[in-house]
Every structure is written in structure tokens, then in C-alpha cells.
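Heads up, the thing below is written out as C-alpha cells.
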Number of protein chains: 2
Amino acid sequence: MPYSHTHRVLVALDCIIFGFDGEGLNLLLIKRNFEPESGKWSLMGGFLNDGESLEEAAHRILYDLTGLDNNYLEQFQTFGAIGRDPVERTISVAYYSLVNIEDQDVNAIRSHNASWISLTKKPRLIFDHDLMVQEALKRLRTKAALNPIGFELLPEKFTIPQLQKLYEAIYDTRLDRRNFSRKILSTRLLVGTGEKDMSSQTKKGQLYTLDAHEYARQQKGNYSFMPELIMADF
Amino acid sequence: MPYSHTHRVLVALDCIIFGFDGEGLNLLLIKRNFEPESGKWSLMGGFLNDGESLEEAAHRILYDLTGLDNNYLEQFQTFGAIGRDPVERTISVAYYSLVNIEDQDVNAIRSHNASWISLTKKPRLIFDHDLMVQEALKRLRTKAALNPIGFELLPEKFTIPQLQKLYEAIYDTRLDRRNFSRKILSTRLLVGTGEKDMSSQTKKGQLYTLDAHEYARQQKGNYSFMPELIMADF
DNA sequence: TATAATTGTGTCGCAATTACACAATTTTGC
DNA sequence: GCAAAATTGTGTAATTGCGACACAATTATA
């Protein structure tokens, strides 16, 4: 026998998808060609289906758009203000995701009318999506200071200066090269490949990869990655 | 016109209510005398009503049980596993609250068949409420290391050793009196009242209150309260 | 009234972070 | 092709912050 309480609502999921292009943080946004708010920009979202957990639904939506699974995905807040969706009472469980911008499935993205857009040039989004992005960034900042999750935004092989640029982008700050390098190497998370970066522009630094074992360990354990970056306010 | 998507679900809210009795953390739990799972222990919860935001609903539920408003209340996670509620598909938005255990409304609590129970003696709870408590404690630990929210669990006037016992309870650890005192006083959050603690047992330490202005500032701002307590894993 | 426990304040040493210098390599501009 | 500018890698000194510990004052205990 179901509960006698009868107020049932639509449950949506919205994904704030972060990418890093070597310079700044980007968001994967959709230019809607469907109602409501057709023609405007929004986050990628969808509705919770029957027989599907929140986690599963978020993964499904992310896979739909990027063709990628196994991306970093974390629930961070549920939005339920009255009138946040003008069509019908809907609450939205918001997730943020960190993806390697090079791995994207161009066709999947194009078919959804989506684009990578620099966070600094973000257009106004529909509903309460601007608020969601703001809160996702806060959470990302806190999380990335406590756990080594930044690597999810980089290719498998990367240089230390690339990694530094990423953290400078996340925290909108400048870091000292030498101290950053020493700090990162002291975590023992990186393994040098001996190779040099042969990519287009910058033919310099040594390429590193993650030490998978250390990475898994430090993801889970009680640990503080770069406490000096903590901005609290989360 | 409503969305054609038809899968609407019940939205519940559950509150993990923390209190501090001078020794350890306590939870305000309900011994259910209603179905389902009558006779078993659970968190205080309820359903989202029409025309009510998540925040409002959580406050309503908390007020119902404690007779208190203006308590510290923060959403921390939404639980949506299949079958988490055996009666009907329900997702639950979980909040944790910090209340001053001395301010409680005894009648309201009794009428709900609720009791304060030490976290160390927590019985098994219904549904996924054990998981909720576990996650709430994780979040409390991270949050309390980053922001000065611990005071919400204490009376208006308190001694530094009381405050220390609280942090020792939250982090299940022992702290050095002298270092703790120095650290706390350096935050400029406390204002000495000159009075001494004249309460029953312990007739000693000086009573302090919060500097309301500093407290409000450090709640909001980018700040790291006691980074050495961070346990990450959140 | 003596003893034990609690509170308040101070000092020292170590570790971590910050600030800054220099050499090697690569790109850029002519 | 060569000099200048920029980037990378590594080192070192000064400062700061935290942990460990000593001691005096006050209050409870017996």
C-alpha cells in the first residue's frame, strides 16, 4: 500500500560539466532547440526514470551528452525552490562532473547542440542554472583542495606546468612554480614517463602520469591535499 | 502544460539532528509508533508539501520535533537508491542540524516519541538512515574544520574547555588544551564575559560568548577555521 | 588543610610554507 | 642561423605555524 501522502513531484537531474582547455575552465552547455526556453542556454539535464537510482540517472544523462562513461561525477546539491521550473513543480538533483576535454565524443555533443564555453564567458542560463554553476564551482574548489581530483580534467599524460595552470584556473589565482612543483612531487602521486611533451605549442616539460595505486589511496583516505587553497565558503 | 514525462515520485526530507551534552555527540531519534517499521528507531522526517521549498520543509519538520526555529540547518545529500523505502519509490533530501540541547522543547519531543541518544550507542535505524547518519557526520566534520559552526551546539555562554570537549567529540580525538586555547583565542571569535561558570559540576573556567560580528564574517567569508582537523574523505 | 585535578599562559623546536636565485632548455624574432 | 626572451627544473634561506612540554593559579576532593 503506497503512502497516503499524495504530493508527488517530478525529479530532474542537472549536470555541471567542467572541462579544462589548457588555459581556463570550460562548461559544456546546451543551446536548447526544444521547449521551454528554446534558443536559450542551459545545463544538460533530464528526468529521473522509474527503476533508476539518482546516481544511475546522472550517469545516463552524462553519457548521452558526451558519449563517455567513467567520468568523475559527484552529487553536490538539490534545488527545490518554488517556481524554479515555471512549467511544473520540479526539484533538481545537481551533479558536477570533471571530464577530459580531449576525450569528448564530438558527434554526441553536436547532436545535442552543445558547446564548450569558457567559464569567464558563460551566458545567462535558464531557470536557476546560474546558481547551480556558482554552487558547483564552490564545491569543486573545496573538494579539489581536499582531494586530488584535478587530474580528472587533464589527459593521461601531462606536465607539471599544465597541472599548475589547471589549479590556477580553478582558484583564479597565481601560484609559485617552484613551490607548486615541490609540493606536487612530494605527494608521490606523479610518476615521470621520461618523455617530453611533443604537442603543438609548447615543446617542453617532462610528462607525468598518475601513480594509480597512490591515487586510489589518497582519493579515499583521510587526507588533505592542498589545504592552503581552501577557500571555505562552501 | 505540464511535462509529458510522467514519472513523479514522493520527496521526503530527513533531518540528522546533532546535540552536545558536554561529553559526546547525541542524535535526536524517533521511536516510531506508526507504520511502516513501527517500534523501530528512525530519523525525524516528513514529506515535501505542495507550495513549499525544500528549505522550508526541512525547517517545518525540525520545528515540529523540537519547537525550535533558527537552528543551524544544512542540506548535505539526497538519497535515491531503488528500494531505499520499501513502501514506495521515494527520494529523500537529507539535512543535518546543530541544536543547543538545552533549548529543546521537552513536550514537543515527547509527543513525537523522540529521545536524545549518544552517537556511540546509536541503535540500528530504519531504511537507509544509518547511511545518512554516517554521511552527515562526515559532512559535519569537514564543515566544522572549515567554518566555525561548532558554537551552534553550545549554550550562549561557554568555557574554552567545554568548546574543546565538543571538538574532541566531533573528531573523536584528543587535543592539547594549551594549543587549542591559543588557537581559538587567536581567531578573535570569543569575547570573555568576566563571569565564571557557576553551573553544577564544574565551577571553573571563564565564560565566553561569540563576537557576533566576527562570527557572521567568518561564517560567510573565504576562510579556513581549523585546517589541521580536516579529515577529507567527504 | 593537604592533595589532586583543572584552568590559564608561556616557551622551545621542528616541519611546512613562502620568497627568492640560478642554471638549462626551448621558443621567438630578426 | 643566432641572439634574446620565455619556460622549465632544482636549490636555499627566512618566516610562519603547529606540536610538545613546563609552570603557576585556582578549585574541587578527602
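Values below: every heavy atom of this structure, side chains too, minus hydrogens, waters and symmetry copies.
- Distance B:Gln206 CD to D:dT27 P: 12 Å, rounded to the nearest Å.
- Here the C1' atom of nucleotide D:dG17 and the CZ atom of B:Phe180 are 17 Å apart, to the nearest Å.
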List, with names and distances, any nitrogen or oxygen atoms from the protein found under 3.5 Å away from nitrogen or oxygen atoms belonging to nucleotides 19-23 of chain C.
{"unit_1": "C:dA19", "atom_1": "N7", "unit_2": "A:Asn179", "atom_2": "ND2", "d": "3.2"}
{"unit_1": "C:dA19", "atom_1": "N6", "unit_2": "A:Asn179", "atom_2": "OD1", "d": "3.2"}
{"unit_1": "C:dC20", "atom_1": "N4", "unit_2": "A:Arg178", "atom_2": "NE", "d": "3.1"}
{"unit_1": "C:dA21", "atom_1": "N7", "unit_2": "A:Arg178", "atom_2": "NH1", "d": "2.9"}
{"unit_1": "C:dA21", "atom_1": "N6", "unit_2": "A:Arg178", "atom_2": "NE", "d": "3.2"}
{"unit_1": "C:dA21", "atom_1": "N6", "unit_2": "A:Arg178", "atom_2": "NH1", "d": "2.7"}

Please tabulate, one pair per line, all N/O donor-acceptor pairs under 3.5 Å involving side-chain atoms of residues 21-29 of chain A, not counting sequence neighbours.
{"unit_1": "A:Asp21", "atom_1": "OD1", "unit_2": "A:Glu23", "atom_2": "N", "d": "2.8"}
{"unit_1": "A:Asp21", "atom_1": "OD1", "unit_2": "A:Gly24", "atom_2": "N", "d": "2.9"}

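- Taking the six-membered ring where tryptophan is involved, the planes of A:Tyr215 and A:Phe151 are perpendicular, since the angle between them exceeds 60° and thus also 30°.
- Whole-Å rounding puts the B:Leu207 CG to D:dT27 P distance at 13 Å.
- Rounded to whole Å, atom P of C:dT17 lies 14 Å from atom CG of A:Leu185.
- Applying the side chain to side chain donor-acceptor pair (under 3.5 Å) test to B:Asp130 and every residue at least two apart in sequence or in another chain returns B:Lys122.
- In this structure B:Glu156 satisfies the salt bridge (Lys or Arg N to Asp or Glu O under 4.0 Å) test with no other residue, sequence neighbours excluded.
- To the nearest angstrom, P of C:dT9 lies 14 Å from CD1 of B:Ile184.
- Among the nucleotides D:dC18, D:dT8, C:dG8, the one closest to the side chain of A:Pro161 is D:dT8.
- Spacing between atom CG of B:Leu190 and atom P of C:dT9 amounts to 12 Å, rounded to whole angstrom units.
- One interatomic measurement links the two molecules: CG of B:Leu175 to C1' of D:dG19, which rounds to 12 Å at whole-angstrom precision.
- Judged as a side chain to side chain donor-acceptor pair (under 3.5 Å), the pairs with a partner in residues 96-110 of chain B (not counting sequence neighbours) are, in order, B:Gln104-B:Trp116.
- Screening residues 163-177 of chain B for salt bridge (Lys or Arg N to Asp or Glu O under 4.0 Å), with sequence neighbours left out, gives B:Glu168-B:Arg174, B:Asp176-B:Arg178.
- B:Gln164 places its CD atom 11 Å from the P atom of C:dG8, with the value rounded to the nearest Å.
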